[in-house]
Structure formats: C-alpha cells, structure tokens
J.: 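Quick one: the structure is below, questions incoming.
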Amino acid sequence: TGIAVNFKEVPDNETIFADAKVALETGGVDMIEPAIDRVGAYYSNGLVGAWDESKLAVGNYLPGLADGNAGERSRKDGMLLYVPSNWGTEALVANTASAKLSSPPSLGDLFNPENPVVVRPHSALAAMGRWLDAQGKLPRPWMDGYTDMAAMTEVWDIALAEAIKAKGNIVQWWSGENEANAGFTANGAVLGLNWDSTGFNLRNDGYAYIAPAEGAFAWHQGFMLMKNATNVDEAHELAKWVSTPEGAAAWAGAFSSNPVGKGAAELLNPDVAAYYSGTFNDEALSKLWWWPDQSAEFLAKRAEYADKFK
C-alpha cells in the first residue's frame, strides 16, 4: 500500500525538504501532498518523479484545477509532476462580537492594535505586502517579488518593517491547525489570518470566516510522486480515486476544504457546503489570490523574513 504524507502542517521550508530527502533516501514514502507553489522547489531539489497520465483520469478534475495556469504549473520539462487533491483558502477568522473590522473587512484589520490576532509569520507578511500594494504604498507591485529576487528584497523589506511596527497585537503564531485554534480558544485572539478549516472548526463558537476586500489567499494542494517510490501503481490508484466524485468529496471532507473532482460538491456534508457558500459568493471567488510559484531560493529568503518578524 502506498503511503501519502501531508506536509501542510510542517512549520518551515527547511524541515519540509529535510523530511522529504530522508523519505527519498530511505524509500519509505511513495507520495507527498504539498501545495502547487512548491512544485518547482521539490523538482529543483531532485525529490520527485513524473506521473504516468495513462494511469490517471485527468478529465475528472474541475475546470481550472488541472488545466490552464494550474496545469502549466503542474509540469516541468514536459513531465506531469503534480495532480490536484483539494483546494481551499486562507482568510479572516473573526469573532463576530468583538473583532474590529473595516467596512468591508480588510487584510489591514490584522494590523489594527485593537484586534488581538493569531497569524502565520510568512502569511502575515504577505498580507501586509498585499495591503500596502492595494493602497499604492509600494514602489512596485507585490507580485514582482515572486519572480525577481531583487524586487523581493525591496518589497519584503518594506512589509517587514511595517509589520514589525504593528506586531504588538499578535497573541499567537501558528504553523498548524492546533496552534491556530489555540490562538482563539486559549489565548484571546479575536481575529486571525487562517485556513478555512480553522474557521470551520470555530463556526459554532461565535466566529465567522470572511474573505477580505483584497481577496482571500487561496491554496491548491495535490499529489507528487517521490523519485524513489516503490508502490507506484498504488500511488496512481490513490491519486485517480481522489479525482472521482466519491474520492474527491471524501478527501475534501477530511480537510474541511473544497473537492477537485466533477460531481463531488453534491456529495459533500451539507454543513461543509453551506459553510463555503456562506463565505464565497461570486465576487469573493473572483478575487481569490492564488499563492504564486515560489522557488527554493525564494522560500529560503521568505523563511529569513519570517524569522526576523518572529
């Protein structure tokens, strides 16, 4: 049986690649499940192999998840390296009674000293950068920093300086679901920039999940085959099953996220379906900000900025 390992909750980039290299060397892991923005970094580190499309059912996926821009990002040197498994967002989790929100709510609310917040360091820096960009306060577009390292230093230096000035309201850093939940339930946060699953878990405790005016961060998660995989056929079968309505609904249900397969939405838990439709109307969906591709060099530099922020 193939082993699927989810790295979504690993706290930092160095740990991710260290663990993946151990898996590659030992042959104990067949497939991993990172976000699409990590494809280039895993490939450049020599960790992954290519999928055999004849053993998959790429026509099962919803439009835009395995084709178009996402399809291009899934391939390197003509090889299919990544297939979708689920997708979701990172947006505002707010205590409806006590969070101080703009009208409409904004990423800038995370830096309001009246709001005790729980944030992930690198996401908070990106939120600051996007907020400054939306106000015309950066010398160049925030997105330039994802393709040009000199531009990254320029705009991330500014975001870091402004974020440090506004750091006093942070009551909890998070890197995984348990820490994010604790920020609200144990440490007094009334607002956070968190995964949709965090908002879902707190939905009955007075918290709402809100897409900011600048657009929610959106993540696209999928499977990559390890270069030294031994259970190759089983890995293909698992990836293929997750593209079916039943498999996609089950996998998304485990994450409280969105399914990748056609026909899967009708099979979701009605509670989950209602939660997402309550946050993302057509306007909010049109504003989704997909995490861009991030090279190994970029990720290393981003980790430095996150450490400085902490």
J.: Hydrophobic clusters here meaning ILVMFWY residues chained together by side-chain heavy-atom distances under 4.5 Å, can you tell me if I158 and M152 are in one?
T.: yes
J.: Please confirm whether the backbone N or O of G59 pairs with a side-chain atom of K262, one donor and one acceptor, at under 3.5 Å?
T.: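 A pair under 3.5 Å: yes.
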J.: Minimum heavy-atom separation for N258 to G88, with atom names?
T.: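 Looking at all heavy atoms of both residues, the shortest contact is ND2-CA, 4.0 Å.
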J.: Please determine, by modelled atom types, if N115 and N169 share a side-chain donor-acceptor pair under 3.5 angstrom.
T.: no
J.: Might you work through the side chain to side chain contact (heavy atoms under 4.5 Å, CB included) test for K227 and V48, ending with a clear yes or no?
T.: CA-CA 4 Å; K227 194 172 184 178; V48 293; 5.7 Å; no
J.: Could you tell me whether a side-chain N or O of E179 sits under 3.5 Å from a main-chain N or O of G176, the two making a donor and an acceptor?
T.: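 Confirmed, E179 side chain pairs with G176 backbone.
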J.: So, does D30 use its side chain to make a donor-acceptor pair with the main chain of N231 at under 3.5 Å?
T.: yes
J.: Do F184 and T198 make a side-chain contact, defined as non-hydrogen atoms from C-beta onward lying under 4.5 Å apart?
T.: yes
J.: State plainly whether one hydrophobic cluster holds both V171 and L107, where clusters connect Ile, Leu, Val, Met, Phe, Trp and Tyr through side-chain heavy atoms under 4.5 angstrom apart.
T.: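 Result: no, two separate clusters.
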J.: Can you tell if the side chain of F111 reaches within under 4.5 Å of the side chain of I170, non-hydrogen atoms only?
T.: no
J.: Measure from the side-chain N and O atoms of D77 to the backbone N and O of M79, and report whether any donor-acceptor pair falls under 3.5 Å.
T.: no
J.: Where the side chain of S44 meets the backbone of G40, is there a donor-acceptor pair that is under 3.5 Å apart?
T.: yes
J.: Check the orientation of W251 and F255. Use parallel for under 30°, tilted for 30 to 60°, and perpendicular for over 60°.
T.: tilted
J.: Can you name the closest pair of heavy atoms from G145 and V155 and give their distance?
T.: CA-CG2, 4.4 Å
J.: For residues L267 and L62: do they belong to one hydrophobic cluster (side chain heavy atoms under 4.5 Å, members Ile, Leu, Val, Met, Phe, Trp, Tyr)?
T.: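 Cluster IDs for L267 and L62 differ.
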J.: So, taking the atom named CZ in R75 and the one named CG in L80, what distance separates them when rounded to the nearest 0.5 Å?
T.: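 Here the rounded value is 4.5 Å.
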J.: As an exercise, state the distance from CD of E72 to CG of N69, rounded to the nearest 0.5 Å.
T.: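 One gets 6.0 Å once the value is rounded to the nearest 0.5 Å.
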J.: Quick check: does any side chain N or O of Y82 sit under 3.5 Å from a backbone N or O of Q221, one acting as donor and the other as acceptor?
T.: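 Looks like yes, one N/O pair under 3.5 Å.
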J.: Angle class for the W290/W87 ring planes (parallel below 30°, perpendicular above 60°, tilted otherwise)?
T.: tilted
J.: Within this structure, what is the CD1-CZ distance for the pair I36 and R73, rounded to the nearest 0.5 Å?
T.: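 Those atoms lie 5.0 Å apart.
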J.: Measure the spacing between CD of E162 and CG of L125 and express it to the nearest 0.5 Å.
T.: 11.5 Å
J.: Under the salt bridge (charged side-chain N to carboxylate O under 4.0 Å, His left out) rule, what pairs show up with a residue in residues 80-97, not counting sequence neighbours?
T.: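 Non-adjacent pairs meeting salt bridge (charged side-chain N to carboxylate O under 4.0 Å, His left out): E90-R120.
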J.: For residues I210 and L101, report the shortest heavy-atom separation together with the two atoms involved.
T.: CD1-CD1, 3.8 Å
J.: With heavy-atom distances below 4.5 Å as the criterion, would you say the side chains of V190 and Y207 are in contact?
T.: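 In short, these two side chains do not touch, never coming nearer than 4.5 Å.
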J.: Taking S106 for the side chain and G108 for the main chain, is one N or O donor matched with an acceptor at less than 3.5 Å?
T.: yes
J.: Could you pull out all residues at least two apart from D233 that satisfy side chain to side chain contact (heavy atoms under 4.5 Å, CB included)?
T.: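 Counting only residues at least two positions away or on another chain, D233 forms a side chain to side chain contact (heavy atoms under 4.5 Å, CB included) with K55.
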J.: What residues, two or more places apart in sequence or in another chain, satisfy ring-ring contact (aromatic ring centres under 6.0 Å, His included) together with Y275?
T.: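 ring-ring contact (aromatic ring centres under 6.0 Å, His included) list for Y275, sorted by chain: F200, Y209.
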J.: Verify whether the ring centers belonging to W156 and W142 lie closer than 6.0 Å.
T.: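 Close enough - the centres of the two rings lie under 6.0 Å apart.
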J.: The criterion is ring-ring contact (aromatic ring centres under 6.0 Å, His included); which residues satisfy it with Y61, sequence neighbours excluded?
T.: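 Y61 satisfies ring-ring contact (aromatic ring centres under 6.0 Å, His included) with no residue once adjacent residues are dropped.
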J.: S123 pairs by side-chain contact (heavy atoms from CB on, under 4.5 Å) with which of W195, W291, F217?
T.: W291
J.: I need the minimum non-hydrogen distance between D109 and L191, along with the two atoms involved.
T.: O-CD2, 3.4 Å
J.: In chain order, what residues pass the ring-ring contact (aromatic ring centres under 6.0 Å, His included) check against W173, with sequence neighbours excluded?
T.: F309
J.: Counting only N and O atoms by type, is there a donor-acceptor contact under 3.5 Å from the side chain of S257 to the main-chain atoms of G253?
T.: no
J.: Can you name the residues that form a salt bridge (charged side-chain N to carboxylate O under 4.0 Å, His left out) with K301, not counting sequence neighbours?
T.: E304
J.: Indicate yes or no: at least one non-hydrogen side-chain atom of L110 is less than 4.5 angstrom from one of L92.
T.: yes
J.: Once salt bridge (charged side-chain N to carboxylate O under 4.0 Å, His left out) is applied, do any residues pair with D144, and if so which ones, sequence neighbours excluded?
T.: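 Result, salt bridge (charged side-chain N to carboxylate O under 4.0 Å, His left out) vs D144: R140.
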J.: Where do E177 and N201 land on the side chain to side chain contact (heavy atoms under 4.5 Å, CB included) test, with the steps shown first?
T.: CA-CA 10 Å; E177 198 68 79; N201 291 337; 4.0 Å; yes
J.: Using ring centroids (six-membered ring only for Trp), state whether H236 and F223 fall under 6.0 Å.
T.: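 When the ring centroids of F223 and H236 are compared, they turn out to be at least 6.0 Å apart.
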J.: Would a distance-only check, ignoring hydrogens and angles, find a side-chain to backbone donor-acceptor pair under 3.5 Å from D67 to G64?
T.: yes
J.: Do V39 and D293 have side-chain heavy atoms sitting under 4.5 Å apart?
T.: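 A side-chain contact under 4.5 Å is absent here.
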J.: As an exercise, state the distance from CD of E283 to CG of N281, rounded to the nearest 0.5 Å.
T.: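 Answer rounded to 0.5 Å: 6.0 Å.
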J.: Who passes side chain to side chain contact (heavy atoms under 4.5 Å, CB included) against A265, sequence neighbours left out?
T.: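 A265 satisfies side chain to side chain contact (heavy atoms under 4.5 Å, CB included) with no other residue.
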J.: Can we say E297 and R302 salt-bridge, meaning some charged N sits less than 4.0 Å from an Asp/Glu carboxylate O?
T.: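 So E297 does not pair with R302 through a salt bridge.
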J.: Sequence neighbours excluded, which residues qualify as side chain to side chain contact (heavy atoms under 4.5 Å, CB included) partners of D307?
T.: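 Once residues adjacent in sequence are excluded, the partners of D307 under the side chain to side chain contact (heavy atoms under 4.5 Å, CB included) criterion are K310.
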J.: Can you check salt bridge (Lys or Arg N to Asp or Glu O under 4.0 Å) on R38 and E33, steps first, answer last?
T.: CA-CA 10 Å; R38 300 298 177 94; E33 191 182 9; over 6 Å; no
J.: Is the closest side-chain donor-acceptor distance between S98 and N95 under 3.5 Å?
T.: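 Yes.
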J.: Could you pull out all residues at least two apart from D271 that satisfy salt bridge (charged side-chain N to carboxylate O under 4.0 Å, His left out)?
T.: R203
J.: Side chain of E154, backbone of A150: donor and acceptor closer than 3.5 Å?
T.: no
J.: Going from CD1 on I32 to CG on L225, what distance comes out if it is rounded to the nearest 0.5 angstrom?
T.: 9.5 Å
J.: Quick one: closest heavy-atom pair of K308 and I164, and the distance?
T.: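 Answer, listing the atom of K308 first, then I164: O-CD1, 4.4 Å.
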J.: With A264, which residues qualify under side chain to side chain contact (heavy atoms under 4.5 Å, CB included), at least two apart?
T.: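 Listed in chain order: A248, A249, P259.
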J.: Could you list all the salt bridge (charged side-chain N to carboxylate O under 4.0 Å, His left out) pairs where at least one residue sits in residues 209-224, not counting sequence neighbours?
T.: none
J.: Does the gap between the ring centers of Y146 and F298 come in under 6.0 Å?
T.: yes
J.: Looking only at non-hydrogen atoms, find the nearest pair between N60 and S243 and report the distance.
T.: ND2-OG, 2.9 Å
